[in-house]
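Worksheet: the structure to be examined is printed underneath.
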Amino acid sequence: MKLNLENSTLKQNDIYARDYQKKIKDIHQRLHSADHSAGTTWADYPENYDTKEFSKVQKLAKQIKSNSDALLVVGIGGSYLGAKAGIDMLVTKKTDVEIIFAGINFDYTDLAQKLDYLKDKDVTVNIVSKSGTTVEILSTLNIVERFMKNKYKNDYKSRMIFTTDKIKGYLRQRAIAEGIETLTVPDDMGGRYSVLSSVGMLPFVCAGLNAKQIMAGAYDAYKALCAETIEENPAYQYAVYRHLINKKLGKKVELFASFSPRMASFGAWLQQLFAESEGKDGKGLFVTPLTFSTDLHSVGQFIQQGTPVVAETFINVEKPLKDTNLSNIALDCPIKFLDGKSMSEINSAAFNGTLQAHKDAKVPIAIFSIDEINEYNFGYLVYFFELACGASGYLLGVNPFNQPGVEQYKSYMKELLKN
Ligand code: PA5
């Protein structure tokens, strides 16, 4: 993976400034401290992950593949966005086990539609909640349990897996009391940093993805990004870049754009990662994912000539999974000039054309390039952005590992429903 900040509108000296060097060194030590109680278990996870838990995921996935057509994953926020990002990015063909996500809203019409689709299929349910208190999850569990009981009678609990805290919470207690199978969310690892744990791995392996390759990519990122100096660490260069475009250039919005729709859910994961980690104390860049060229026809105009608040971060996939050439275009067709060109050439020209246009509009641009979409690169990107986000949050002076605003909405909602 390569990071290119040549179009950032900033000077390299700004990014490598002495003041930042000192801050980053301190942040590096905080992130990699042996004491992970601040919420930093993810930082050394590619090296220290629990291999027994990893094997348990493989074992459960094997069982699910042998007896289920679908895995219904019930989780919200960090407890599903990473899994969805990986599935949407990496799964290219119909899989033995279809992954369906639920628990992501209170709209019963949505859930009913999913359950109706599943009614004639064999299903395993994976309830994912670190806290075991999230109302979307517990209310969906209630309905899904009714569905499973109706379908499998007294045997239904053998088709339920709870992914939750090692000790605490309702789900863990219920699992112990009723002998329900469990997986564990590691200690001091918040939802949005948990995709490499069982939270993401069970859906990934069930969908036929290579979990070892994902971890190999994450491990190589962990090794490649272990330097505490900005010059040697692209994740820290990117964190400082983000800080500068906000503080020095006054940008308020970071658009995560890709010309590959396979990256759209990865963008949604990035949105949550940065928004929930940084959006505190009146600070942070508002992050929003876009897919081009689709969204150039909706928000391209604003990026080009609207209020100058946006910066753009591209995730550029160099080689698409599939390609074809245009051929036999009629002489009078307005796209005759594309005759013989491949779709990837055209997409690439669209990317470079957009880059030029947005550079002309003085939009700060960061470009991440990956050679292709695969498990290894997914793992690499996940670790890269987790590290960059942790560093970026600390540079802002906020705690990147809590989410007090979200907790507040949950508690107001509970009060309203209790009264
Ligand atoms: O990233 C986070 O920590 C949050 O988005 C949580 O994942 C989300 O609120 C769901 O919480 P829980 O896993 O406790 O149900």
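One-based numbering, in listed order, for ligands and for the atoms of each. Quantities reported herein were computed from a predicted structural model and do not represent experimental measurements.
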Interfacing atoms of ligand 1 (cut-off 4.0 Å, heavy-atom, E276): 1 (O), 2 (C), 3 (O), 4 (C), 5 (O)

Electrostatic pair D19-K23, nearest N-O below 4.0 angstrom: yes

Atoms in ligand 1 flagged as close to G191, the criterion being non-hydrogen separation under 4.0 Å: 1 (O), 2 (C), 3 (O), 7 (O)

Those atoms of ligand 1 less than 4.0 Å from some heavy atom in Q403: 3 (O)

Option among E278, E386, E276 that satisfies the salt bridge (charged side-chain N to carboxylate O under 4.0 Å, His left out) test with R192: E276

Donor-acceptor pair between Q113 and Y108 side chains, under 3.5 angstrom: no

Identity and separation of the nearest protein heavy atom to atom 13 (O) of ligand 1: S79 OG, 2.7 Å

Identity and distance of the protein heavy atom lying nearest atom 9 (O) of ligand 1: K410 NZ, 3.3 Å

Flag for R242-S392: side-chain donor and acceptor within less than 3.5 Å: yes

S277 versus Y193, side-chain donor and acceptor atoms under 3.5 Å: yes

Under 4.0 Å to a heavy atom of G78 - the qualifying atoms of ligand 1, by number: 1 (O), 4 (C), 5 (O), 6 (C), 7 (O)

E136 touching ligand 1 at heavy-atom level, < 4.0 angstrom: no

Atom 11 (O) of ligand 1: the protein heavy-atom neighbour that sits closest, reported with distance to 0.1 Å: T134 OG1, 3.5 Å

For atom 14 (O) of ligand 1, the protein heavy atom that lies nearest, with its residue and separation: S131 OG, 2.6 Å

Under 4.0 Å to a heavy atom of G77 - the qualifying atoms of ligand 1, by number: 5 (O)

Contact with ligand 1 for I76, non-hydrogen, under 4.0 angstrom: yes

Ligand 1 atoms in contact with S129 (distance to a heavy atom under 4.0 Å): 12 (P), 13 (O), 14 (O), 15 (O)

Nearest non-hydrogen protein atom, atom 1 (O) of ligand 1: R192 N, 2.9 Å

Distance filter under 4.0 Å to Q272 heavy atoms, resulting ligand 1 atoms: 1 (O), 2 (C), 4 (C), 5 (O)

Exercise: do D35 and S33 side chains pair donor with acceptor under 3.5 Å: no

Under 3.5 Å side-chain donor-acceptor pair for N233 and Q237: no

Between S131 and D165: side-chain donor-acceptor atoms closer than 3.5 Å: no

Side-chain ion pair, D88 and R262, N-O less than 4.0 Å: no

